[in-house]
Each structure stands twice: as structure tokens, then as C-alpha cells.
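Proteins come first, then strands; the chains are lettered A, B, ... in the order of their sequence lines, and each starts at number 1. Side chains are part of it too, since the values below use all heavy atoms of this structure and drop only hydrogens, waters and symmetry mates.
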Amino acid sequence: MKLALPNLPEETRAAHAAKGWPLALAGSALLLVSGLLSWSYDPNILGNISVAFWPASLQLFAMILGALGLVMVLAHKGPLARLGGWFDTALGLRALGTGSVVFAVFAVVAIAYEAGGLVNVNPGGWLALVGAVLMTLGARFLPQRHLQNFAKAKASPVVEILVIVALMAAVLFGAAYVLGREDPWIFVGFLLMTGVLVMAMARAGFFTWFGHVAQRNRKVLTLAAFVVAFLFPFTQDGSDANMSIATQVIIFAATAIGLNIVVGLAGLLDLGYIAFLGSGAYVAAMMSNAASATIGWKPPFLVVMLVGATVAATLGLIIGTPTLRVSGDYLAIVTLAFGEIFRLSMFNLDGNNGPNLTNGPNGIPGIPDLNLFGFDFGKPHTIAGVELGRFSNYYFILLLLIGFIILVFTRLNNSRIGRGWVAIREDERAAEAMGVNTFALKLLAFAGGAFLAGLAGTIKAHQDTATSPDQYVFLESAFLLAAVVLGGMGTVAGVLIGATILKLLPEKLRFFSEYRLLLFGLLLILMMRVRPEGLIASKRRQLEFHEDDEKLAQEIQADHLLDVTPEAAR
Amino acid sequence: MPKRSVVSVGATLLVASMALSACGSRGETGATTSGGEGATKVAKIGVIAPLSGDLAVLGLGIKNSVDLAIKQANESKAIPGWTLELAAEDDQATPDVGKNAATKLSGDKEVIGVVGTLNSSVALQVQPVLASASIVQVSPANTGVSLTKGEDAASPKRPYATYFRTCTNDAVQGPFAARYLYEAGFTEVATVHDKKAYGQGLVAAFTEEFEKLGGKIVAAETINPDEDKYDAVVSAIKPKAPKAVYYGGEYPNAGPLSQQMKSQGLNVPLMGGDGIFDGKFIELAGATAEGDMSTSVGAPTDSTEAGKGFLEQYTAAGYTDPAAAYGGYSYDAANAIINALKVSLKAAASAEAARAATVTELGKVSFDGVTGKVAFDEFGDTTTKVLTVYKVVGAEWKAEKSDTFE
Amino acid sequence: MTVIDTNTQDRPSAGPPGATVLEAEKVVMRFGGLVAVNNVDFTVHEGEIVGLIGPNGAGKTTFFNCLTGMYKPTSGTVKFYGKVLPPKPRAVVKAGMARTFQNIRLFGNMTALENVMVGRYCRTSSGAITSVLHGPKFRREERESRERAQELLDFVGLGKSSELLARNMPYGDQRRLEIARALATDPKLILLDEPTAGMNPLETQQAMDLIFRIRDQGLAVVVIEHDMRFIFQLCDRVLCLVRGEALIWGTPGEVQSDPRVVEAYIGGSDDDDEDEDV
Amino acid sequence: MEIFLQQLVNGLTLGSLYALIAVGYTVVYGIVQLINFAHGEVFMIGAFGALATYLLLFQGQTALWILPIMMIGAIFASVGTAVLMERVAYRPLRNAPRLAPLITAIGISVFLQEFVRLFFDKIPGTDFPSAKAKIPFPQIDVVTGPAFSPIEGVTIQRAAVFTVAMMLLCAIGLWYFVNRTKLGRGMQAVSQDPDTARLMGINVDRIIVVAFAVGAALAAIAGVAQGLQITNINFKMGFIAGLKAFTAAVLGGIGNIQGAVVGGLVLGMAEAMITQYTGMLPDPLGQFGGSSWKDVWAFALLIVVLVFRPQGLLGAKVVDRA
């Protein structure tokens, strides 16, 4: 994860320490100012970056980077020094500087590519590059700080809540902004900027502090996150295109969290998990009012949801029974085989081979929209002057669903059942010797995960308006597993991020859709090599994947210590 | 890690841009006209087709043909006061992706009609999205019967009033093949299909007509399209000694099936629908494909004057990809929409406002297109039912017989 | 290890032996042709500390596993309070028999407190639904588990390490944590497999005190140990196993003075370490 | 009776193919306890390697002598891929938790499929067809061509004879390699006890590479056989074939080379017979038979074996894969 530049030797740094601060200041200022200048002659590219004093897209991003740089420089020494006592501004600035150089180079390339040659880059663009380079240089000369323990940093609760709200607002605004970008260059540019910002703030220690804040204000954070998610459709200006993607992301994420119970908590690998989503969807389809629905019974949707989830959970129990005798790789293969059996059965149960339940490869099309308590999900509704289309309607119900699933996940995780799962994952025989009912717990993990996926499936069927066997192939299970692994096993936030990356990027970056799977395969291989615990790993998992990493163990221990005195820790 | 890769990608791009800059020149703009003619309003015709992946050849042919029709309409100022634009979306031949594409198009207030899709399965998901926005959809290639007649074959009911198609459907193609085979003396036939809507529907229609004529279906088998080996099916059919095999499905399976039939000693011709009418079929079936047959909708595009004229214009317009199997139908589909727009846009304030009127007008369209007469019946199906039988002769498809069905 | 001249007088005295807790009769355990445990009788009474000694490879741990349901004996019976328990570790724990392991088997990536709370698993019963709903039963059980676990950590002297990850704890603490985890199952009998292995004399002394304190809570204790001095100071009665057979079964004094014990130890000391933990 | 004989022939052919691929799973598993999920893709790349060799050197020719050269090309491609994946992806993970190599294997599998799909026609200096659709496999005199019929009602494809013959040849070769060569004995030693083997001066890393290479070579031959038999190849052909071959390896007892061969033949035979005879059962049971359900039955068999007899028919090196 570290940027590749080597650190300067201490002597060199000490010799030039005085130059560091002004250099970094100048760099940040230049970066900030560059956004106000014209970056290109061509008004038609990248959202018009040709006009001075009217920053757009990439210019705006550069200014944001510059602004953060300025704050960090001033916090290092200057009016914001009180802040600098807590955060490692030197490390942060180094990351920010290097990231900004990457960003500026990217911007220059983007302009050259779009407008046809480097000659089309105006001074503003070059200035940004110069500023970024200066900032990097300056930051390299800055001495590192001795930091205070964040555990003791008690800002006033109001400030803490304000920070949470600000961060959430930034997330909402950022999401709305980036989803509105059609131009892939701007899209990638924004992601790049976000990445640099996050990296710089992480290196400065902001997120460590924020972690403590989040711990103290968990309820506020959860509430804020849901409010942001709830407000999201209102930022879409009546357009349903992004909402369609958003609903898919949520369904995917909800299923992945269910899988996370099985894989992340209980440590059982399931390669056929998509079958549970599929069984929920098929049950809903078969009991819907679609013309080719195969079951005559048409109960209200809430009953259908329960039936679908129960069917999925039953399948989960069946798939779980071999865990009595097999585990590890063999279990993975058993689940894979179950997944294939599910798909082939859906494929075959069409009246030609076996009873007609699923309509075979054609699936069940024309599933009507949901209608709950008189609320028609197919029709647009206008709320607070904003028209919310069909997918927004589904978005809200899915939001409720994923909220429920997250609740189930976290509460189970923090109960005797969750502890039992982790114990099984750690040492199954010891867990059993301590009186943990390992088999029942493993079954519960499978059935519980399947139940949640089944719930998601019933809604998915209506949202998709059709189900067919080719939606539930092995690759989808692999994608789910990848979301869990990529984001971080055993954590909710990680899975949400993993799911978003895996579903959103291919949609937005259509130009690489051809290479989507290739990159996916590569990503899996590289992740396992470089960061097997995922982007946001639960600390526990991180340890498992780095058995020998003593330093990390110490860090985590320190985190756990909090208020424990050194004597007790020995 | 992501960062490092960005660095390396960035470096590569930098080098590439240096190379570009050598031939780049200041002020060279990649964008098209913005403003300019001033007073005209814009209406967009969308395309949803596979522009990447296995079926991209067919999809690009559709897109280019629609583009050609739009360009010609703009040149001749077919709709005074309006400029037409193309909005093409890739569906990757996948229902989910197609649905997203449709959602995107229906969110664009300037889109008034869509040509597409290629696959019936994608159409099933695209139909409801476009219908809810009253955007007219004309498919040049869907042959699934249920798209226009609903799921229940006994009492046909049109599911979406916004959906039309310029090609005939399987309910016509199957019986057409049945008559041809029966008349050619193949009175005992085995059927095989891939269980998909297209193949199953085709075989069902074929079987009904064939038995009505007095022919005998000696075996009815299915295959799994994901599989490559059909020895189980061939072993099952062979003892029944059919005189021909009728296959419902597409060429990726039909080619190997034909080859494996013959290498296992079942030396009878294989016949299929337009799904196997492709050069790739002959390539896959190998030397033993000689004598295999297929039906396809319409007369061969290069067999009529109008069709030849279209192909000439297409080539002249400089498209690098061929018009492919559905070019003519796509061109006609686009022109059908344009004809409807001539009326519906006349007094309209915006494209969005004219959407509903366009649906009504499209139902009334009638003109001579490059594939024959273009007009729609009460279900949105084309009224023209010309079909052609092709046969593999000398490793090429040769038109055998063109006829109007009923 | 061969020095067996231990003073056995100043150990805190146990009360009069109570009811029979565990009774093993003619236990035989065969693995294929190998007879690991042969015809061993064994009893433990309430409030008693019983030692199990023997040279390496004598079958001590195998016998242990027979008692705790890890293995099903080939023949013979094991009765716990007069009842034969099903050979399932879980049922054995539930009945009130808990154990530790020769090679520490903690849940390394859980905190000390969580480790002990896992021990409470079999004494709590909130299901998935109660857990999700945070029903009153769940909250009560969770609170009680937490309190009990903290109490046990205090009891074994780890009260201040409750938030440490088990894998990061010093070796001696891990041993004590394992004992706390076993105690969390509310056992009537606790079986300790080499609780002082690898400990320095001070830690060994602390472990002994801990075992006495456990006994004083009214539990019966069975200890496997190599350290003779430790065993003879600690135990009320001692069973010496050699090659799977009971060599002698009596008070520390009797065992200590038996010449065969010394001989067995000298003769068997070059065997490989027994590594058949579970 | 003819039907039975015909299915026997079909089953034997199918089984030989499975056996050839299954050896790759079993050899690698026997030595590093790794389920090389991407082995199916090695098989697929073998077929493409043979095709590429043909297209580069012999386009349009059909003489029999071309076949051995195609096979060398196939082996070259497969072994190269397998050794590369071991070196780049698996070796760094040798001491990682078990989840890591398994996920890596899925990644490799997807990557290789896509790599072939996207880039087969873009290899510089060649004029290969796009691999996005099925590609016809070259037809070679003698081994392809009209089937013959020794008994009335039973036809045997020439390519089927080739497949079975290659399987027998490979089985004998493999037996000789494992039991009579130094490398082979080294492999046996490592699979018994890697640590001791290392102490005895055996280069364990090298042995592991050899295991991957041997498995890949056999998979390559299977790839050629498959191409000749069904006359076309595609980038997806490795997934199901790999899964079936894995089933075969487990069926025979994973880690056991004879087991892989026996397991392959048993599975092939079972599939052919299930296809034929379950379809003949009276309704409603008969509905669940025939070729549509044969994969379901094969996977069900896999589960049953894994659950009730994880050591397989002939017994595996590791009995309890806990």
C-alpha cells in the first residue's frame, strides 16, 4: 500500500528541514491556484476546463487536494498547529504530495488524450503538476512527529458529531457527483482524488481518530449513514439510471453480507451461495402474478418473502449437513457442486425434464411490480418536489432490507452465537471441548445466511421482472465471495465497499467492460498476494493472514489496550 | 496496491500521450457540433444491441444501419425543425445489462424511440422499462412469439403496446420449415432443441405443422447449450432412423451437433431456423455440413433491388463492420420510427411529449422498405411473412427457395 | 524428574472425601493393534485432587481423552455421578466435566474475556432470534456471562488482561486463561493436562495455589503432570500409569515410596514425547 | 445389448478424458495438498496450444505426422502455464491460510479463460481466429473421419480410439516415471513427508514444479483428444471438464494416481449409463434421467463420495481432510 518512493536519510532531512515547510506551503498554494487557471484551450473536453476562474471537474479536484495540503501544512507549523499535535502531518503530506503528482500526471494525460496532444495543456495544468511536485518535495523534508494517543483525544461530543455529519455529507455529495459523471476520465479522476484524500488522511492518522469517534458515537454514525443512504435518490434529479445500478449494488451487498456470516464469521467456504439468492427469486417468481408463474397460490408479498427465505434456509440446511463430516477445501467443493445442481435443476425443471416449475432456460419473465399496502412500486412518485422513479421505490425497500441484514449480522456477531462461530473458526476441536455445539452452529450459519439471501432474492425477482438460470452461475458466487474477500472478511463496512466496487465500476466504466472479468481474476490473485485480509479487515482476520507479523500484533494489542495499564499487560 | 498500479498505468499513458502529441495539433477538437444550426430541436433514436462480445458483429450491423437511416433523414430534412441523433447502448447480449441500458435511455428526455434488441431474452427485460416511459421499441431480430402475443399461446394478448418488430416470428418460421421438409420428402424427422425460448418455440411450431401434414416425429430430444458433446443425444436418435433432424437453437451448438451426428454415422441433413443461418455454422460443422438447411426471415437482402441499394449505401457510408444478418431489418426499423415521427413530432413541443403519439403513429406506418413492405398488425408483428430456405452447397449458404407464408 | 524426595506434609488439607464424582472401571483403549490404555480403574471424589503420572508414552492423555468423551473406550465404563455419558465432548461438558489441553488450545484471535465467554456457551441458551431481537433473556444472559467471565479472570489473576488477544499473552497467562475458560463451563470436575508444563518455579507455585483455590470452591480436580514434586504436594491420591497399565494407585506417600515408579521413570524416559492431544 | 455396448464405448471414451485430467489434480494434491482449481483451464490451454501450433505451421494440412507436433505444442502451452501459475501465484502462498490459495485458484481460472477469450486472436505475428466463439479444431487423417462399426448398431469414433489409447499410454508412462525414475521417487518421498524429504536433500520446490508440469502435460493431451473428438474448442471448455475430473480424482481417492485413472473411468461409465438407463425409468422418475440430468447426478455423486467416503474408492493419502 505504501507509495514506492524511498524515505530520505535522516541526515539529509535534518539538513533541509527548514526548506520543507515553505516548499510544501508553496506547492499546496500552487495546486490550489492552478484550479483557477485554464487547463486547456479546448472547451469541449472534460467538462470545459478552458475558462479561468471558473473551475470544473479536474480543476476542482486539484483545488480540493491543494486545500487539504494547505490545512496540513498549516497544521504542521502555523495557525492550526494545535491540530498538528494530534495528526502526523508530515506522513500525510507525503502521501498527499505523491498522490497529487499522480493525479496531475493523470490530468495532463487526460487532456492530451482528449484534445490530441500535450500542446493542448494550458499553463494551469502544468502549474498543478509543479505544485504537486513541490508539495511532495517539501513533505519529504518535513520531520515526522511524535504523536499523542488518540484514545485520550476527547473532543467535545458536538464536534465529534459534526465531523461524522460532515463526513457523511461528503460521502453523499461525492456519490451523487461521481454518479452524474458520464466522462470516464472525470470519473476516474474523481476516484483518484478520493483515493489520494483517503490515503493522505489515513497516513496522517485521521481515520484512527475517527475510529475512536465512531466507537463512541456508534448510534449517531449508523443513523447518519442511513440518512445519507435515504437521501441519495433525492440527489438524482428524477433520473432512474443510477438508481437501477444502486438497487443492484444493494442486492449484491445484502447477499454478500449473508455470505459473510458463513465465510467471515464461521470460517466455512461456500462457493455455491448464489443458489440461495436464486431460490428466493424463483419462489417469488413462481408465486407472482406473472403469466408463466407455475404456482397457483398467490399470497401477499410478505408471505412470499417468508416462504422464499424459508425455502432458501432449508436448502442452506441441506447444504450445511455435510459440514458434519467434511470441512475446508472439500466443503468448498461440496458447496460448489450444490450450486451447480441448483442451476441445472432450475434449467431442467421445465416440463420436458421433470415437472414444470421454473420454465427452464427461459426463466419466468414478466413478473409484475410489487404493490405493498397500495404503494405501486412500478409508478413514479413525487416526494418533496423530486420525482422518484421505479428503481427509487425498490431502492427504499432494499434499504430497509439491507438495514435488517446488517442488524442481524452485527447482533449475531456480538452474541454467544457469534463467539461460538469465531471459536469454531479458530479451533473447532477446542470449541467442541468447551461445550460449543459446533454442528448446530455451522448449520445455523448456513441456514441463517441462506435465509437472508433468500429474502433479498424475493425482492430481486420483482425488481428484475424476470428470473432465469443464467443469473445464478458459479461466476456470480465467485463474485460474492470476491466482494467479501476484497472488502474484508467479517466486517460490514468492508463488504459494502467490496460490493460497491465490484458492481459499480463495471457499470460506470463501460469502456473496460470487455476486460471486466480479466481484471476481476487478476484482482483476486493480487489481493491474495498483497492484502489477503481485504481492504477493511476485521483486526482478527488481519492477524490470521499475517501470522508472523509481530508488529501488527503489537499495534492491535495497543488498540485493544485502550485504558488497560501497562502493568496489567506486562 | 491500487496506487502503484495507477502509477504504472499513468506512466504508460504518459508515454502514449507523448507519442500522440507528436501528431496532435492545437485546437483539434474531437467533439461534434454544439449549437450551430440553432433553431432545430433534437430527438434521439436509441439502439440497444450487443456492441461487444460474441455477437458484436450482429450488434454493430444494427447500430450502423440505424445510424445510416438517421443520417439520411437528417440530410433530407425529413422532419422539419428537428434533428435526429443516435444514442447507442451496449447490452452485451445480457438481460441485466440491457435493462440498465434501457433505463438509461428512458431517463434521457430526448429519446423517443429505440431500435433493438438482438436477443429475445434481453427484449423481455427491456420491454417493461421502455413501456413505462412510453418509448416505442422496434426490434429487427427478436423472433420469440411471446414478445408480441404474450405467454399464453392459446389466447394471445399483446403485453406491451410500445413493442414492434420488423422480422417475422417463430410461429411462422417453424411451419414454413415443416412444409418445406415434408414436401421435399423428409417425412420422418427427429427434433432437437436447446430448451431456450427460441429453440423450443421453433420446434413446437414445427412439430405441430409437420404432424398436421402427416409427417412423423420419430424422436424429440433436448440438449444443454452449455455442453459440447452430444453423443448421448445422437445415440438416442440414431436407432430411430430419421430422414432428417430439425434443430431449434443457434449455430454454436448446431454446428458441432451436425458434425457429431455425421461422425457417429447418422448421415442425414440437419435443418434449423435463422439461428443457424450463419457462416460460422458451416465452419463448425465442417466438411460434412453439405446438405444441411436453414430457414431465414425475409428474402435475401441482396436478392432485391431495394436490398442491394441499401447495401451499396451502407458500404458507401464507410462503416467498417458489415451490415450483417439484421442490417436491412434495422434500417427498416429505424425508418419506421422516422416515418412515425414525421407525424408525431410535427406539432410537439419536446421529444418527451411526443412519445405516446409516436406509439400510435407507428402502428399505422406502411411503406416499402429494403426487406419488403413494412407495416405492423395489431400485435406489433410485421405483416410481411416472406421466408427463405437456404442450403449448404460447397461450404456456403445458397438460397434455395423464397416464399410468402400463407 | 527422577528426584522424588518431596515433602508432602505441608499441603493444605482437603476435607473428608465426598460423593464419587467420576468412576472409571476397566477402561481399555485400543488403536488397531496398539493397546494404549489397558484395564484401568479410577475414581475421583468431590473436593479431591487426583494426580495422573507416568513416563512419556504411558497413555495418560489417551486415558484423559477417554474420560472426557474425546475417545470412546474400546471397553470398560466411565461413570460421572453414576451415569455413563455419551462419548461426545459437548455432552460431557454439559454434564459438568471440563478440561484444558497439553498444548494450549486457546482461541488466539479472541480476547481473554471472549475466550472465557465461549466457555459460558453451554450454560446459556439464547437462540439466534433472541440474539437478534436483543430480548430480555439475551441481555440478561449476556450481562451474566460477561460478569461471570470477568469474575473468573479475576479469580485466575488475569482480571486486568481481559481485553488482550489470547495469542499475545505470556505463556503462563495463557495456561491460566485456559483454566478460566474451563471453569466458565461451571464444571464439577476439572481435568488439567500438564498445567505447569514450561513454567518457572514461581509460576508453578502460583499454579498450585490456583488449583487449591479451585478445589476449595468444591470442585474435584484431576491433574496430569510430569513434575513429581508438584504432584506429590498437590494431590490427595495419585495414579501411576506405565505402558497403558495402572502401576500403582494410592496416596502420594505410597506412590512415592514404591520402587517400581522410579524404575518406570528411568526406563521410560527416553521415549518420545506423547503427542496425541486430541 | 447394442445400446449397452454403445454406452460402454461412450463411457470409456469420456472416462479416459476425465482420467487424463484427473491425474493433474491428484498429483498436485498429493504433494502440496492444494486443489488446483485452475487445472481445467490448463486443459483448455492445451487445446488452444495445439490449435495454435497447427495454424502457425500446418494450416490446411491433414497428415497424421502433424498430430505429434500439435501435441508437443499443446504440452508446451499447458506446462508453461502451469509452471508459471505455480511460480507466480501459488508458491508465495504456500504457508498462507487455506482460503488464500483457493481464492487465488478461482482468480487464475477466471483470468486464464478471459485471457484466451480476449487475446487469442491478438497474439502478434499470427492470424488466429477470435476465441470469443467456438473455433473448429483441425481434422487429422486417420484419427478423425468416418466412424467404424465393429458390431451392428455400435459405432466407434476414431478420435475415441485415440483418446483411450493416449490414456493407456500416459498411464503406463506415468507409472514408469513415478516408480522407476529418480524424480518420480522424489515425488513419492515429498508426498509422504515433505519435511523429511527436504532433510534428505530433495529439492521440494523443484518436485512441486515437476508435479504441476506432469499434470499439465497430461491435461494437454486430454485437450488435444477433446478437440479431435468434438471438433471444436472454446475458452469455457475447461470449467465443467475440470470439475468432472476433480470429481473423478476424489472418486478414486485424491492423491492416489491409480485412483485418478480408476475414478475417471468409473465416472465416465457412470455418466454414460445414467444417461441411458435413468431415462428409461418409469415416470415420474424417468423425467429426472437422460442427458439433461447427468451432470446433476455426477455432482450428486461427488457430494456423496466426499461425505461418506472422502478417501475415495482406492483410498487417499490423506484420509481426513479436516
Side-chain angles (χ1 to χ4, degrees), chain A residues 261 404-405 407-441 444-445 447-448 451 490 538-544 547 550 553-554 556-570, chain C residues 68-70 88-94 98-101 104-111 114-128 130-134 138 141-142 145 158-170 172-173 178 181-182 184-187 277-278:
Chain A
I261 293 182
F404 171 71
I405 290 179
L407 182 88
V408 170
F409 180 89
T410 47
R411 290 207 161 167
L412 281 182
N413 190 13
N414 295 317
S415 72
R416 72 190 267 273
I417 292 174
R419 285 190 295 275
W421 280 330
V422 178
I424 291 172
R425 203 184 65 204
E426 292 272 316
D427 185 339
E428 190 175 336
R429 304 298 286 270
E432 205 172 358
M434 286 305 116
V436 176
N437 191 346
T438 51
F439 181 53
L441 274 190
L444 181 67
F451 187 88
S538 75
K539 297 261 153 137
R540 215 171 254 156
R541 273 292 184 175
Q542 210 165 352
L543 277 169
E544 274 168 46
E547 291 281 347
E550 276 310 312
Q554 296 303 323
I556 288 162
Q557 179 169 338
D559 257 16
H560 266 278
L561 268 173
L562 298 179
D563 302 314
V564 181
T565 52
E567 304 91 84
R570 263 198 282 187
Chain C
T68 53
M70 290 265 175
K88 275 192 204 146
R90 197 159 49 79
V92 170
V93 173
K94 185 101 184 169
R99 66 169 295 176
T100 65
F101 296 90
I104 301 171
R105 294 185 80 156
L106 286 166
F107 308 119
N109 295 313
M110 296 174 97
T111 64
E114 284 171 329
N115 263 285
V116 182
M117 285 174 84
V118 170
R120 294 300 299 162
Y121 185 91
C122 62
R123 302 294 167 207
T124 47
S125 62
S126 312
T130 348
S131 303
V132 170
L133 296 179
H134 270 202
F138 170 83
E141 280 191 356
E142 193 75 357
S145 290
L158 295 173
K160 287 184 173 168
S161 308
S162 60
E163 290 302 319
L164 282 180
L165 287 191
R167 72 201 305 271
N168 293 335
M169 296 172 79
D173 288 4
E178 235 196 349
R181 188 180 67 178
T185 63
D186 289 349
D277 199 358
V278 173

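Judged by distance alone, the side chain of A:Arg416 and the main-chain N or O of C:Arg120 form no donor-acceptor pair under 3.5 Å. Here the side chain of A:Glu432 pairs no donor or acceptor atom with the backbone of C:Pro89 at under 3.5 angstrom. The backbone N or O of C:Gly108 sits less than 3.5 Å from a side-chain atom of A:Glu426, completing a donor-acceptor pair.
Heavy-atom distances place no part of A:Ile424 under 4.5 Å from chain C, backbone and side chain included. Contact annotation for C:Thr124: both backbone and side-chain heavy atoms come within less than 4.5 Å of a heavy atom of chain A. Both the backbone and the side chain of C:Val132 have a heavy atom closer than 4.5 Å to some heavy atom of chain A. Interface remark: C:Ala128 contributes backbone and side-chain atoms alike to the contact with chain A (heavy atom separation under 4.5 Å).
A:Asp427 contributes atom CG, which lies 11.5 Å from atom CG of C:Asn109 (distance to the nearest 0.5 angstrom). Interatomic distance, C:Asn115 CG to A:Met434 CE, rounded to the nearest 0.5 Å: 10.0 Å. Taken to the nearest 0.5 Å, the CZ atom of C:Phe138 stands 8.0 Å off from the CZ atom of A:Arg411.
A:Ile417 and C:Ser131 get closest at one heavy-atom pair: CD1-OG, 4.0 Å. For A:Gly435 against C:Tyr121, the heavy-atom pair with the smallest separation is O-CD2, 3.6 Å. The shortest heavy-atom contact between C:Met110 and A:Val422 is CG-CG1, 3.8 Å. Here the shortest heavy-atom pairing between A:Ala430 and C:Phe101 reads CA-CZ, 4.1 Å.
The residue among A:Ala431, A:Gly420, A:Gly448 with the most heavy atom pairs within less than 4.5 Å of chain C is A:Ala431. Heavy-atom pairs under 4.5 Å with chain A peak, among C:Arg181, C:Glu141, C:His134, at C:His134.
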